[in-house]
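Along the sequence shown, residues carry numbers from 1.
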Amino acid sequence: MLRGLAGVVPAATITAVVNTGDDVVLHGLHVSPDLDTVVYTLGGANDEERGWGLAGETWTAMEALERYGGQAWFRLGDRDLATHLFRTQRLAEQATLSEVTAEVAAAWSVGVRLLPMSDDRVETRITVAGPAPGTSVEIGFQEWFVGHRHALAVERVRFEGAADARPAPGVLEAVAGADRVVICPSNPIVSIGPILAVPGVSEAVQARRDDVVAVSPIVAGAALRGPADRLLRDLGHESSVVGVARLYAPLASSLVIDEADAALAGAVEAEGMRCVVARTVMRGPAEASALAGAVLGV
């Protein structure tokens, strides 16, 4: 979506507020998966087949770690490790996550302004069924998403530290000053949810509701990538564009849905949102730019 937007308007006019609830400390290193995926993608280096990490990556460090019996369930490629080493060093030097993000983005010549949702620690925590019948256990997001391949049914999602966090510098100002606020087609619960959980962000978006456009991540009842559809159902929401509309109606005046869901446009509008039908499946730059044009034209 960001690549598409940068294809129709100057990249320097775009600010992306990125989820950091997925951040995790591994091997003593601060890993920011969503920030890194955005940087690598806009930098033209993302592994398109896997959807994360760097293209042409090697795995020598992970293979050596496995020899020692170390934790290697979360794969960090050799070149990707350099990003985490740099971030961890800069944070230890008292740089903020916002400052480090700007430095990493500049190194990859990313024209879009990237902001973490907060410089404070917010951690997405997932409650799943415990080992004994009738019990539950809470685990970290990456343990659920990567370690268990998001196969465990989810009972609850919470954002530890969110109540005490502050929006990163520039986040609220970007929302307030934007010509258009776009909620990208990502997981409403664990990708968009942590951002909105930071005090002040949801209120800032609601204040701009007339200029907010959301793009549904659900197409024909399913997520194109990831567990958004199952997560919605696990938490009692409808896995459809109508379910997405119910979540986003307080925040956005318009919802862009795929042509496959055109028959549900009336049901979306019954939830209090303008419904725009477009081709939302982005198989390449042309489709991404066309969708971006539709979003900005609402």
Side-chain angles (χ1 to χ4, degrees), residues 1-2 4-6 8-9 13-23 32 34-35 38 97-98 101 112-120 122-124 157-218 228 231-232 235 237-238 241-257 268-276 278 280 291-292 294-298:
M1 184 79 258
L2 276 172
L5 288 167
V8 296
V9 298
T13 66
I14 302 170
T15 296
V17 180
V18 182
N19 167 43
T20 58
D22 297 3
D23 285 18
S32 294
D34 283 9
L35 283 168
V38 171
L97 184 59
S98 294
T101 299
V112 172
R113 182 190 184 202
L114 299 185
L115 300 177
M117 66 189 196
S118 177
D119 286 335
D120 300 316
V122 178
E123 182 182 1
T124 300
V157 174
R158 72 180 184 94
F159 309 114
E160 186 173 292
D164 298 319
R166 293 165 297 174
V171 168
L172 298 184
E173 293 81 358
V175 173
D179 294 324
R180 176 81 67 210
V181 178
V182 181
I183 300 177
C184 289
S186 195
N187 191 311
I189 306 297
V190 294
S191 292
I192 305 301
I195 302 173
L196 297 173
V198 177
V201 175
S202 180
E203 293 82 356
V205 176
Q206 289 181 44
R208 296 298 313 280
R209 184 179 184 275
D210 289 347
D211 300 304
V212 180
V213 180
V215 182
S216 175
I218 301 296
L231 190 55
L232 285 168
L235 297 177
H237 303 289
E238 183 178 323
V241 293
V242 180
V244 173
R246 290 174 185 147
L247 289 172
Y248 285 153
L251 303 166
S253 60
S254 301
L255 180 67
V256 180
I257 68 173
V268 167
E269 296 197 334
E271 298 297 329
M273 303 184 79
R274 177 188 177 192
C275 185
V276 178
T280 65
L291 176 58
V295 168
L296 296 179
V298 171

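- Within the 4.5 Å cutoff, no side-chain heavy atoms of Glu123 are placed close to those of Asp23.
- Of the inter-residue distances, the one linking Ile189 atom CD1 with Leu247 atom CG reads 5.5 Å to the nearest 0.5 angstrom.
- For Glu173 (side chain) and Gly170 (main-chain N/O), a donor-acceptor pair under 3.5 Å exists by modelled atom type.
- At least one side-chain heavy atom of Pro169 sits less than 4.5 Å from a side-chain heavy atom of Asp119.
- The two residues Ala165 and Ser118 make their nearest non-hydrogen contact at CB-OG, 3.8 Å.
- Between Ile195 and Val18 the shortest heavy-atom distance is CD1-C, 4.0 Å.
- Side chain of Gln206 to backbone of Leu251: no donor-acceptor contact under 3.5 angstrom is found.
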Check your understanding: Does the side chain to side chain contact (heavy atoms under 4.5 Å, CB included) test come out yes or no for Thr280 and Ile257, once each step is laid out?
Key -> CA-CA 7 Å; Thr280 65; Ile257 68 173; 5.8 Å; no
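- Atoms CG and OG, on Leu35 and Ser98 in that order, are 9.0 Å from each other to the nearest 0.5 Å.
- Rounded to the nearest 0.5 angstrom, Ile192 CD1 and Asn19 CG are separated by 8.0 Å.
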Check your understanding: Do Asp210 and Ser253 pass the side chain to side chain donor-acceptor pair (under 3.5 Å) test, and can you show the C-alpha distance, the side-chain angles, and the key distance before you say yes or no?
Key -> CA-CA 5 Å; Asp210 289 347; Ser253 60; 5.1 Å; no
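- In this structure, Ser186 OG and Asp34 CG are separated by 7.0 Å, a value rounded to the nearest 0.5 Å.
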Check your understanding: Is there a side chain to side chain contact (heavy atoms under 4.5 Å, CB included) between Val213 and Arg180 once you walk through the steps?
Key -> CA-CA 7 Å; Val213 180; Arg180 176 81 67 210; 3.5 Å; yes
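- When all heavy atoms are compared, the tightest approach of Ser216 to Leu255 is N-CD1, 3.9 Å.
- The shortest non-hydrogen separation linking Tyr248 to Ala214 is CD1-CB, 3.6 Å.
- The pair Arg246-Glu238 meets the salt-bridge criterion, with a side-chain N (NZ, NE, NH1 or NH2) lying under 4.0 Å from an Asp/Glu carboxylate O.
- Distance check: Leu115 CG to Thr15 OG1 gives 6.0 Å after rounding to the nearest 0.5 Å.
- Closest approach of Val175 and Val181 over heavy atoms only: O-CG2, 3.8 Å.
- The two atoms that bring Val157 and Leu235 nearest to each other are CG2-CD1, 4.0 Å, heavy atoms only.
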